[in-house]
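Note that the structure is predicted; figures quoted are calculated from it, not measured. In the text below, chain A, chain B and the rest are named by the order of the sequence lines, each starting its count at 1.
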2 protein chains.
Amino acid sequence: MSDKDIQAEEQRFREYLGSKGLKFTPERQTIFRRAFATHKHFEAEDLLLSLRQDHQRVSKATIYRTLSLLVQSGHLREVIFGEKHSHYEHVHANEHHDHLICSSCSKIIEFTDEAIERLQDEVCKRYKFKAESHRMQIHGLCEDCRGGKTFSGPT
Amino acid sequence: MSDKDIQAEEQRFREYLGSKGLKFTPERQTIFRRAFATHKHFEAEDLLLSLRQDHQRVSKATIYRTLSLLVQSGHLREVIFGEKHSHYEHVHANEHHDHLICSSCSKIIEFTDEAIERLQDEVCKRYKFKAESHRMQIHGLCEDCRGGKTFSGPT
DNA sequence: CTCGATGCAAAGTATTTGCACCTAT
DNA sequence: ATAGGTGCAAATACTTTGCATCGAG
């Protein structure tokens, strides 16, 4: 995602806030930019620490509140990897993908598969279900880890 | 799942415990039976309340400890629906399924789709990934909740 | 100026753990 | 007998909330 794209997204976030009578504060800008500066999954705590390292002080509460807004505005997507807390990833405009999660090294591989997407639509049709979002994860061992067979934990 | 099957599973759980030097206590039996008595998803708290209603007293700690054992023994599967806590479902021997989750009424519809399963295997092959388990969820509105709403699809 | 936003600390949830006593093997 | 199990309450981990103050629109 280019800087220009990020700028555009920031503008869109701004407009989203405006349309809801909410404000675009410096804190929200800081959080927005940091969330889009990284291209991997992160948790609320990661973001907090990352900002702290650069001496940007935003309270934990504001981070949670803003992440929630960014999910509502469609800028972030919540992904849950079997842990008890939320992970986020930013939405590169209309690009959906799913995840392969290595249970040994925790590596996360993203993939897309048109055929699977189509079949999901069919399943929905079968059940007269109106899909809003979906997520699919395959847990197992990645190429590197099947090799040495390092076994480290459950699913 | 028939009573006989459940008996057999209980026996298997007993053996699993034995093989690990663990004990088959009355509490574990109680929890095992209750977990298999219901055929829908449940949370730790549900199980606790259900037992309480029948005047079966098992501590919350023991429930958590036992559910964890049942996951390890392969009797339960953890399913996570985007909420912050775990849901469980018992594993009817080798029958895998996925979920449609209604965001309005929280109804959960189970489905299986051979074609999707096959495509998942292909994705794994593509990434040289050794799958151990996978989960797929589609969030949206169920037939009832779409209610009067006009069809949003084509035609 | 006026709502909405922020920080902080306290309150919630869901789950785990330390410990003294208990029990299946 | 003894390793492991149990209940309880306290501790965790993550997230939300109440409130006084602040600041964007």
Side-chain angles (χ1 to χ4, degrees), chain A residues 10-11 13-35 41-52 55-73 76 78-88 153-155, chain B residues 10-11 13-35 41-52 55-73 76 78-88 106:
Chain A
E10 186 174 315
Q11 187 52 34
F13 181 43
R14 226 161 164 139
E15 283 160 12
Y16 172 83
L17 291 174
S19 76
K20 297 270 182 184
L22 305 176
K23 294 166 183 170
F24 185 71
T25 63
E27 290 84 356
R28 286 179 180 168
Q29 186 178 60
T30 300
I31 293 168
F32 179 94
R33 292 189 173 175
R34 186 59 50 118
H41 308 91
F42 63 91
E43 327 173 8
E45 189 71 13
D46 295 333
L47 190 55
L48 180 71
L49 293 178
S50 163
L51 289 176
R52 288 267 166 87
H55 312 289
Q56 311 245 44
R57 293 152 292 94
V58 180
S59 76
K60 194 171 283 201
T62 296
I63 289 187
Y64 277 107
R65 289 187 274 233
T66 303
L67 288 179
S68 167
L69 280 174
L70 284 167
V71 169
Q72 287 165 50
S73 71
L76 291 185
E78 215 170 341
V79 282
I80 299 182
F81 294 125
E83 283 153 56
K84 301 298 182 303
H85 55 280
S86 300
H87 286 242
Y88 298 89
T155 310
Chain B
E10 185 173 315
Q11 185 53 34
F13 181 43
R14 224 164 166 138
E15 284 160 11
Y16 172 83
L17 291 174
S19 77
K20 299 270 182 183
L22 305 175
K23 294 165 184 172
F24 185 72
T25 62
E27 289 84 357
R28 287 178 179 170
Q29 184 177 60
T30 300
I31 293 168
F32 178 95
R33 292 187 173 176
R34 186 59 51 119
H41 308 91
F42 63 91
E43 327 172 8
E45 189 72 13
D46 295 333
L47 190 55
L48 181 71
L49 293 177
S50 162
L51 290 175
R52 287 267 166 86
H55 312 288
Q56 310 244 46
R57 294 153 291 95
V58 181
S59 76
K60 193 171 284 200
T62 296
I63 288 186
Y64 277 106
R65 290 188 273 232
T66 303
L67 288 179
S68 166
L69 279 175
L70 285 167
V71 168
Q72 288 167 48
S73 71
L76 292 184
E78 214 170 342
V79 282
I80 299 183
F81 294 126
E83 284 154 54
K84 300 298 180 306
H85 55 280
S86 300
H87 286 242
Y88 298 89
S106 298

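If you check the side chains of Ser19(A) and Glu15(A), you find no donor sitting under 3.5 Å from an acceptor.
Protein atom CG of Leu67(B) is 13 Å distant from nucleotide atom C1' of dT16(C), rounded to whole Å. Between the NZ atom of Lys20(B) and the P atom of dT25(C) there is a distance of 18 Å, given to the nearest Å. The interatomic distance linking Phe13(A) (CZ) with dA24(D) (C1') rounds to 14 Å, in whole Å.
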Once each nucleotide of nucleotides 5-15 of chain D is scored for protein heavy atoms under 4.0 Å, what B/S/- sequence comes out, 5' to 3'? SSBB-----SB
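For Phe13(B), the ring pair (Phe, Tyr, Trp, His ring centres under 6.0 Å) partners two or more places apart in sequence, or in a different chain, are Phe32(B), His75(B).
Counting heavy atoms from C-beta outward, Leu76(A) and Phe42(A) have side chains that approach closer than 4.5 Å. A heavy-atom distance below 4.5 Å is found between the side chains of Arg34(B) and Gln56(B).
In terms of heavy atoms, Ile31(B) sits closest to Leu70(B) at CG2-CD1, 4.4 Å.
Where the helix from dC1(C)-dG25(D) to dT25(C)-dA1(D) starts and where it ends, the local axes point in directions that differ by 40°; five pairs per end, rounded to 10°.
Here the straight-line distance linking atom CG of Leu17(A) with atom NZ of Lys20(A) works out to 10.0 Å at 0.5 Å rounding.
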Apply side-chain contact (heavy atoms from CB on, under 4.5 Å) to the pair Leu48(B) and Arg52(B), showing each step before the final yes or no. CA-CA 6 Å; Leu48(B) 181 71; Arg52(B) 287 267 166 86; 3.9 Å; yes
Go through Asp46(A) and Tyr88(A) one step at a time and tell me if the side-chain contact (heavy atoms from CB on, under 4.5 Å) criterion holds. CA-CA 10 Å; Asp46(A) 295 333; Tyr88(A) 298 89; over 6 Å; no
